[in-house]
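The structure displayed is predicted, hence computed values, not measured ones. Atoms within a ligand are numbered from 1 in the order they appear, just like the ligands themselves.
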Amino acid sequence: MQTREGLIDFFSNDYLGFASDQSIDPETGGQDLILLQQNGSTGSRLISGNSIAHEELELALAHVFRADSALLFNSGYDANIGLLSAVLQRQDSVFFDRLSHASIRDGISLSAASSFGFEHNDLSDLVKKVDKGRSKSGQNYVIVESVYSMDGDEAPLQELSEYCRSENLYLIVDEAHSTGILGPEGSGLTTSLGLEKEVFARIHTFGKALGCHGAAVLGSETLTTYLTNFSRSFIYTTAMPPREALRIRAALEKMKHTKRRDRLRQNIETFLQEMKTLNLSSHFIPSRSPIQSFLLPDASQPDGIGQIFAKEKIAAKIIFSPTVPKGQERIRICIHSFNTSAEIRRILQLLSTFV
Ligand SMILES: Cc1ncc(COP(=O)(O)O)c(C=O)c1O
């Protein structure tokens with residue numbers, strides 16, 4: 001499968017090829033016709049924007065992701081800012097991994113809580129930060145991503161959750177890049193470890209492996225009821241169109257049983273094998289996910305790489321600072337279920353000429 005411009009896709013988050021899959025299109029999937037006839041949702045969920053499609057999707061999400069309750073947001077960005085700005089209170093402390101996504105940082109900034117970044121995936125640094133910064137009068141929260149969007153590595157969730165339990169900290173996990181990829185039926189890293197009861201809130205997004213748009217916060221009934229009443233990015237915005245809710249629902253069903261997850265895993269294996277054969281492993285950030293980051297030997301000379309990729313019809317993006325730390329500029333390669341072994345070999349051969 002190629003990008004809209006006819007290039008080989010090594011840059012999109014469409015890990016399973018759902019974005020162009022007609023079978024999840026409600027028009028062709030035989031879904032509820034009355035809901036389909038309505039283009040827009042016409043208002044906030046709290047006024048005219050609610051529909052049976054939104055409500056049924058939330059029930060299905062809670063079931064698939066093994067949570068008590070789910071609340072839809074219009075994007076992962078909205079979910080993170082809406083969750084964090086509503087939950088974090090002035091007297092609270094929040095500890096976040098330094099590589100957390102901008103939406104997590106912005107959500108924290110919108111709150112008045114005291115915030116502390118800890119070194120990426122470094123539990124001992126988290127312990128130090130908590131010892132120093134924990135709130136005595138309020139609650140304490142730890143926020144991580146299951147799979148990091150720019151490095152592709154996983155959070156040490158088992159250890160983190162044991163620590164949070166022992167210290168009485170609320171754990172929040174952004175599952176944007178594990179949704180559809182990890183865990184039973186693609187339900188994420190938290191469920192793959194059976195930790196759903198240990199995690200206070202999870203954020204699953206639908207714009208990546210599900211090929212749709214939108215997101216949900218998963219947690220207790222108390223949490224989603226609270227967010228319904230206090231989360232500004234939930235309340236003060238037009239709800240997603242019911243058509244999109246139907247599409248997400250169909251994608252969710254497909255996600256559960258798709259064989260594409262196995263093909264994606266095989267492609268990741270092929271990528272890692274070939275990387276080893278070409279002696280490139282030391283140039284990559286260690287990762288077993290579809291996100292593989294090749295650190296640029298010389299970030300001041302990106303033009304040559306861009307031209308070679310363009311000539312070879314390969315779509316892969318160079319990521320610069322401040323999205324990634326200075327000195328860690330990289331080519332972020334996304335592997336998909338639909339990439340061929342020949343394509344994988346080709347991009348790695350090209351990279352081997354840059355080192
Ligand atoms: C970890 C993480 N969280 C949240 C988001 C935001 O999701 P959305 O694109 O649905 O706004 C992203 C998207 O890049 C992400 O990588």
Suppose I only count heavy atoms of [X] and a 4.0 Å limit; which atoms of ligand 1 are within that range?
X: S149; value: 16 (O)
X: A176; value: 1 (C), 2 (C), 3 (N), 15 (C)
X: N80; value: 3 (N), 4 (C)

For [atom], what's the nearest protein heavy atom and its distance?
atom: atom 6 (C) of ligand 1; answer: Y77 N, 3.5 Å
atom: atom 16 (O) of ligand 1; answer: H177 NE2, 2.7 Å
atom: atom 15 (C) of ligand 1; answer: H101 CD2, 3.3 Å
atom: atom 3 (N) of ligand 1; answer: D174 OD2, 2.6 Å
atom: atom 10 (O) of ligand 1; answer: G76 N, 2.7 Å
atom: atom 14 (O) of ligand 1; answer: K208 NZ, 2.9 Å

Parallel, tilted or perpendicular: rings of F234 and F73 (30°, 60°): perpendicular
Got a salt bridge between [X] and [Y], using NZ or NE/NH1/NH2 to carboxylate O under 4.0 Å?
X: E244; Y: R247; answer: yes
X: K254; Y: D21; answer: yes
X: E269; Y: R288; answer: yes

H120 and D153 side chains, donor-acceptor separation under 3.5 Å: yes
Chi angles and distances behind the side chain to side chain donor-acceptor pair (under 3.5 Å) call for S146, S178: CA-CA 7 Å; S146 51; S178 45; 2.5 Å; yes
Enclosure of R232 CZ (heavy-atom neighbours >12, cutoff 6.0 Å): no
Ligand 1 contact by G207, heavy-atom criterion under 4.0 angstrom: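 No, G207 has no heavy atom closer than 4.0 Å to ligand 1.
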